[in-house]
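See below for the structure under consideration.
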Amino acid sequence: MGARQGGAGDPVERGFPHLETVRASITALYRRLSPDTVRTFDTSVSAGEVAFADDDDLYLGTQRVARAMVRHLRLPDARVIVSFREMEHAANVELAAGPEYFVELNTRFKRHRRDIGAALAHEVMHVYLHRLDLSFAGQRANEILTDTAAAYLGTGWLLLDAFRQDALTSQKLGYLTPEEFGYVLAKRAVLFGEDPAIWFTSPQAYEAYERGREPARRDTARPPLAAAGWAGRRRYARERRRALERPGGGPGPSGPGDYVFEPGSPLRVSFACPVCHQRIRVPVGGRVRARCGLCRTVLECDT
């Protein structure tokens with residue numbers, strides 16, 4: 001499994017083209033780990049743990065950063081051995097039975113040591129997910145899962161911070177767009193009250209994080225959640241009235257994160273949990289508290 005890198009001549013994909021897979025990745029993490037385990041990752045790996053001083057030995061420093069990733073993910077019986085070689089990708093890991101895992105980093109990291117932590121965040125997360133036996137079908141979806149898990153569990157802020165651009169050059173690590181990394185980090189920030197922006201050294205990373213916060217905020221303000229805005233509530237009321245007027249009810253708007261009215265007596269509405277994106281079903285009938293069966297978040301709804 002390899003971490004993707006973008007170079008000076010490569011256009012950087014922007015926006016939210018993988019958002020459906022990102023949300024599915026968050027759901028998969030909660031299903032595989034449990035809410036209690038997810039919440040043990042309430043503190044991100046710190047900038048100090050992955051920093052390189054000018055006089056640090058390259059190989060000893062790289063192994064120190066790898067151990068910090070292993071320690072953060074609580075893989076005490078996993079040993080990550082890192083080497084450098086010329087390659088197309090930023091990094092690669094050999095996923096064997098363990099306990100030793102061999103990670104290769106692109107030789108360019110010998111000159112750009114500040115980004116070694118970002119490359120290792122992706123590769124060590126591959127090890128973590130491999131040991132969990134958690135994967136998606138298809139390489140691209142699996143790489144998106146890996147980036148999402150890194151960002152959500154506290155190491156992936158480094159991948160966003162490795163995004164830098166100027167008039168002549170650009171660099172990006174990982175398969176998520178910068179805005180998608182920002183989205184996942186914003187979801188994590190809501191869950192744990194931890195602001196990753198204080199660690200960013202890249203102005204472009206901060207801007208992408210701010211853009212990612214907007215769809216993360218919208219996740220918490222969609223009908224039938226009580227926090228929905230006026231326009232959303234008005235649309236919901238109109239669709240609810242149409243569903244009630246149809247025999248047996250009927251569907252509301254569809255799409256990731258949106259609600260759907262389900263026929264029956266009483267009429268029910270299903271919607272995505274704003275935390276884990278598991279679907280929740282509740283009766284239509286005014287104010288109600290709903291508890292997500294997956295992440296156990298209690299939600300105030302106005303159905």
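- Taking OG from Ser270 and CD1 from Ile280, the interatomic distance works out to 10.0 Å, rounded to the nearest 0.5 Å.
- Judged by a 6.0 Å distance limit and a 45° cone about the ring axis, Arg74 is positioned over the six-membered ring of Phe41.
- Residues Val124 and Ile81 do not share a hydrophobic cluster, defined by chaining ILVMFWY side chains whose heavy atoms lie under 4.5 Å apart.
- By the 4.5 Å heavy-atom criterion applied to side chains, Pro274 and Arg222 are not counted as neighbours.
- A heavy-atom distance below 4.5 Å is not found between the side chains of Arg268 and Val282.
- With sequence neighbours excluded, the residues forming a salt bridge (Lys or Arg N to Asp or Glu O under 4.0 Å) with Arg164 are Asp115, listed by chain and number.
- Checked against a 6.0 Å centroid threshold, the rings of Phe271 and Tyr236 do not count as neighbours.
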Verdict with reasoning, Asp195 to Tyr209, per side-chain contact (heavy atoms from CB on, under 4.5 Å) = CA-CA 10 Å; Asp195 184 5; Tyr209 173 63; 3.7 Å; yes

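- In this structure, Val45 and Leu158 have side chains that are in contact, with non-hydrogen atoms separated by less than 4.5 Å.
- Taking OG1 from Thr303 and CZ from Arg240, the interatomic distance works out to 7.0 Å, rounded to the nearest 0.5 Å.
- The same ILVMFWY cluster, assembled from side-chain heavy atoms under 4.5 Å apart, contains both Trp199 and Met69.
- No chain of hydrophobic side-chain contacts below 4.5 Å, direct or via other Ile, Leu, Val, Met, Phe, Trp or Tyr residues, connects Leu225 to Val288.
- Counting heavy atoms from C-beta on, the side chains of Cys292 and Val275 never come closer than 4.5 Å.
- Hydrophobic clustering (side-chain heavy atoms under 4.5 Å, transitive across Ile, Leu, Val, Met, Phe, Trp, Tyr) keeps Val65 apart from Phe102.
- Note: Glu100 CD to Glu94 CD = 10.5 Å, rounded to the nearest 0.5 Å.
- Side-chain contact check for Phe163 versus Leu173: every heavy-atom pair is 4.5 Å or farther apart.
- Arg23 places no side-chain N or O within donor-acceptor distance of the main-chain N or O of Gln278, the cut-off being under 3.5 Å.
- Taking the charged nitrogens against the carboxylate oxygens, Glu214 and Arg217 do have a contact shorter than 4.0 Å, which makes a salt bridge.
- Remark: Arg39 pairs with no residue by the salt bridge (Lys or Arg N to Asp or Glu O under 4.0 Å) rule, at least two apart or across chains.
- Under 3.5 Å, the side chains of Glu194 and Ser44 contain a donor-acceptor pair of N or O atoms.
- In this structure, a donor-acceptor pair under 3.5 Å is absent between the side chains of Asp161 and Ser202.
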Decide yes or no on side-chain contact (heavy atoms from CB on, under 4.5 Å) for Arg211 and Arg14, but give the supporting numbers first.
-> CA-CA 11 Å; Arg211 294 190 187 105; Arg14 306 302 295 266; 3.1 Å; yes

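- For the pair Asp56 and Arg113, the salt-bridge criterion is not met [side-chain N within less than 4.0 Å of a carboxylate O].
- Hydrophobic cluster membership differs between Leu185 and Val190, with clusters built from Ile, Leu, Val, Met, Phe, Trp and Tyr side chains linked at under 4.5 angstrom.
- Salt bridge status for Glu210 with Arg213: present, with a side-chain N to carboxylate O gap under 4.0 Å.
- The aromatic rings of Tyr152 and Tyr30 sit perpendicular, their planes meeting at an angle over 60°, well past the 30° parallel limit.
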Between Asp77 and Arg131, does a salt bridge (Lys or Arg N to Asp or Glu O under 4.0 Å) hold up when you go through it step by step?
-> CA-CA 11 Å; Asp77 59 340; Arg131 289 163 69 100; 2.5 Å; yes

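- Taking the ring centroids of Phe181 and Tyr183, they lie at or beyond the 6.0 Å cut-off.
- With respect to Asp57 and Arg64, no salt bridge is recorded, no charged nitrogen being found less than 4.0 Å from a carboxylate O.
- Side chain to side chain, Thr37 and Thr40 fail the donor-acceptor criterion of an N or O pair below 3.5 Å.
- Rounding to the nearest 0.5 Å gives a distance of 6.0 Å between CE of Met87 and CG of Asn106.
- When side chains are defined from C-beta on, Val103 does not count as touching Phe84, because their heavy atoms never get closer than 4.5 Å.
- Counting heavy atoms from C-beta on, the side chains of His18 and Thr148 never come closer than 4.5 Å.
- In the model, Asp147 has a side-chain atom that pairs as donor or acceptor with a side-chain atom of His122 under 3.5 Å.
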Could you give me the CA-CA distance, side-chain angles and deciding distance for Tyr128 and Leu153, then say whether side-chain contact (heavy atoms from CB on, under 4.5 Å) is met?
-> CA-CA 11 Å; Tyr128 183 72; Leu153 299 182; 3.9 Å; yes

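- The number of heavy-atom neighbours closer than 6.0 Å to CZ of Arg234, taken from other residues, nucleotides and ligands shown, is 12 or below.
- Glu86 and Thr107 share a donor-acceptor pair across their side chains, judged by distance under 3.5 Å alone.
- Aromatic ring centroids of His130 and His126 lie 6.0 Å or more apart.
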Residue pair Arg289, Leu299: steps toward the side-chain contact (heavy atoms from CB on, under 4.5 Å) verdict | CA-CA 6 Å; Arg289 277 189 169 186; Leu299 304 167; over 6 Å; no

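- Remark: the Arg79 side chain and the Gln63 side chain contain no N/O donor-acceptor pair separated by less than 3.5 Å.
- Looking only at side-chain heavy atoms (C-beta outward), Leu120 and Thr62 come within less than 4.5 Å of each other.
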